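Along the sequence shown, residues are numbered consecutively beginning with 1. Ligands are counted one by one from 1 in listed order, and the atoms in each one are counted from 1 as well. Just so we're clear, the structure is a prediction, and the values are computed from it rather than from any experiment. We use all heavy atoms of the structure for the numbers below, so side chains are in, but hydrogens, waters and symmetry mates are not.
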Amino acid sequence: MLKDGMSKILVTGACGQIGSELVPALRERYGGENVIATDIEETNPELRKDGPFEFMDVTQRGAIGAVVDRYRVDTVYHLAAILSATGEKKPQLAWDVNINGLYKILEIARERRVMRVFCPSSIAAFGPETPRDNTPQETVLRPTTMYGVTKVAGELLGDYYFRRFELDVRGVRYPGIISSEAPPGGGTTDYAVEIFYEAIKHQKYTCFLKEDTVLPMMYMPDCIKATLDVMAADLAQLERHTDFNLAAMSFSPAELVTEIQKHIPEFTCEYKPDFRQEIADSWPRTIDDSAAREEWGWSPEYDLAAMVADMLEKLGKRYEEGRL
Ligand code: NAD
Ligand code: SER
């Protein structure tokens, strides 16, 4: 992929939690001017510094086509989405952005002969009937959230475009992503980011999930690595395309608190579960990601201890500098 170095990469939803770190990583690898960051809102002005930024609503087919034509885009990282918690508050919006937006991206990609499209799925593709421990690659997909419904449909739609139109669509089922740059955007795993800010600023946090709720999680450097690696994999080596299970670590809020207390002993946490508890209870605890390991060499670097140490170091430094 991108052998000639001339590729133009479009990133949708670029100002979000993942885009804010994926865009710089892509620009470092492929050159700033070759990575076009787009979003419906400009919540991260930093993205204009090293390359182009365009306002683009993924539900507007004409707007997508105009950007793809203007920059002669041949690769798309489609990150624009409504996540699980916001999706339960606004299910119609979640359907529109996650399904109609994806359909329009795929149609433009098919028409313009775009080379490759990345469209992430999620652990939200699973549901309460799915085995929750070491969740298999092939298993029951009956999610009970609108977000999960859109993720399963997105996996199937991407596979359809690959089989029917030979459009190279790829995707992974990300776990909850933990990161120190942009805040998370309305998901059920957001507690695992918020907790660090509160631990540093106030040494206390009120968690919206129960203390023993184990969920699969991943630190952003591993998320970026997985994204770049699956997109760079040799197509001939791939049996699957849009739905790779992906794992790095699994922990409960109580286990995360204990790990933070190793660095901030005075930190305390109380638990007040809200509507997100039911969402979390429908998702896996641990994931079998052997297909990703076998087909494109997936292997994470960060475990719980390494992630916590790095998050506290990065956010602690920003706090000392008055930037938190
Ligand atoms: P985010 O909520 O942080 O960012 C999404 C971005 O999409 C936002 O900047 C938002 O402004 C933008 N957006 C919303 N509606 C739009 C529209 N109509 N047109 C254009 N842009 C629009 O999300 P994220 O965490 O960066 O997630 C990126 C992708 O990864 C999503 O597909 C999400 O489902 C998936 N994912 C994320 C996680 C996670 O923990 N962050 C886990 C699993 C899967
Ligand atoms: N982190 C995401 C969410 O909680 C999972 O897709 O919605």
Asker: For the residue pair D96 / Q92, report whether a side-chain donor-acceptor contact shorter than 3.5 Å exists.
Answerer: no

Asker: Please report the closest heavy-atom contact between H241 and V169, naming both atoms and the distance.
Answerer: CB-O, 3.5 Å

Asker: Using a strict 4.0 Å cut-off to heavy atoms of T188, name the atoms of ligand 2 that fall inside it.
Answerer: 3 (C), 4 (O), 7 (O)

Asker: Contact residues of ligand 1 with a heavy-atom cut-off of under 4.0 Å?
Answerer: G13, C15, G16, Q17, I18, D39, I40, M56, D57, V58, L79, A80, A81, L83, V97, P120, S121, S122, Y147, K151, Y174, P175, G176, I177, G185, T189

Asker: To the nearest 0.1 Å, how far is atom 1 (N) of ligand 2 from its closest protein heavy atom, and which atom is that?
Answerer: T189 OG1, 2.7 Å

Asker: If you count the atoms of ligand 2 from 1 in the order shown, which ones are under 4.0 Å from a heavy atom of W283?
Answerer: 3 (C), 4 (O), 5 (C), 7 (O)

Asker: Could you check E320 against K317 for salt bridge (Lys or Arg N to Asp or Glu O under 4.0 Å), going step by step and ending with a plain yes or no?
Answerer: CA-CA 5 Å; E320 280 166 19; K317 190 162 178 284; over 6 Å; no

Asker: For ligand 2, is there an N or O atom under 3.5 Å from any N or O atom of D190?
Answerer: no

Asker: Mind listing the closest non-hydrogen atom pair of G176 and T189 along with its distance?
Answerer: CA-OG1, 3.4 Å

Asker: Would you compute the distance between atom CG of L215 and atom OG1 of T286 and round it to the nearest 0.5 angstrom?
Answerer: 11.0 Å

Asker: Is the closest side-chain donor-acceptor distance between T188 and S84 under 3.5 Å?
Answerer: yes

Asker: Less than 6.0 Å separating the ring centroids of W298 and F244?
Answerer: no

Asker: Would you say ligand 2 has an N or O under 3.5 Å from any N or O of S122?
Answerer: yes

Asker: Would you please say whether a donor-acceptor pair under 3.5 Å links the side chains of Y219 and D310?
Answerer: yes

Asker: Work out which heavy atom in P175 is nearest to a heavy atom in P216; give both atom names and the distance.
Answerer: CB-O, 3.3 Å

Asker: So is there a nitrogen or oxygen of Y174 less than 3.5 Å from a nitrogen or oxygen in ligand 2?
Answerer: no

Asker: Around atom 7 (O) of ligand 2, find the nearest protein heavy atom and jot down its residue, atom name and distance.
Answerer: S84 OG, 2.6 Å

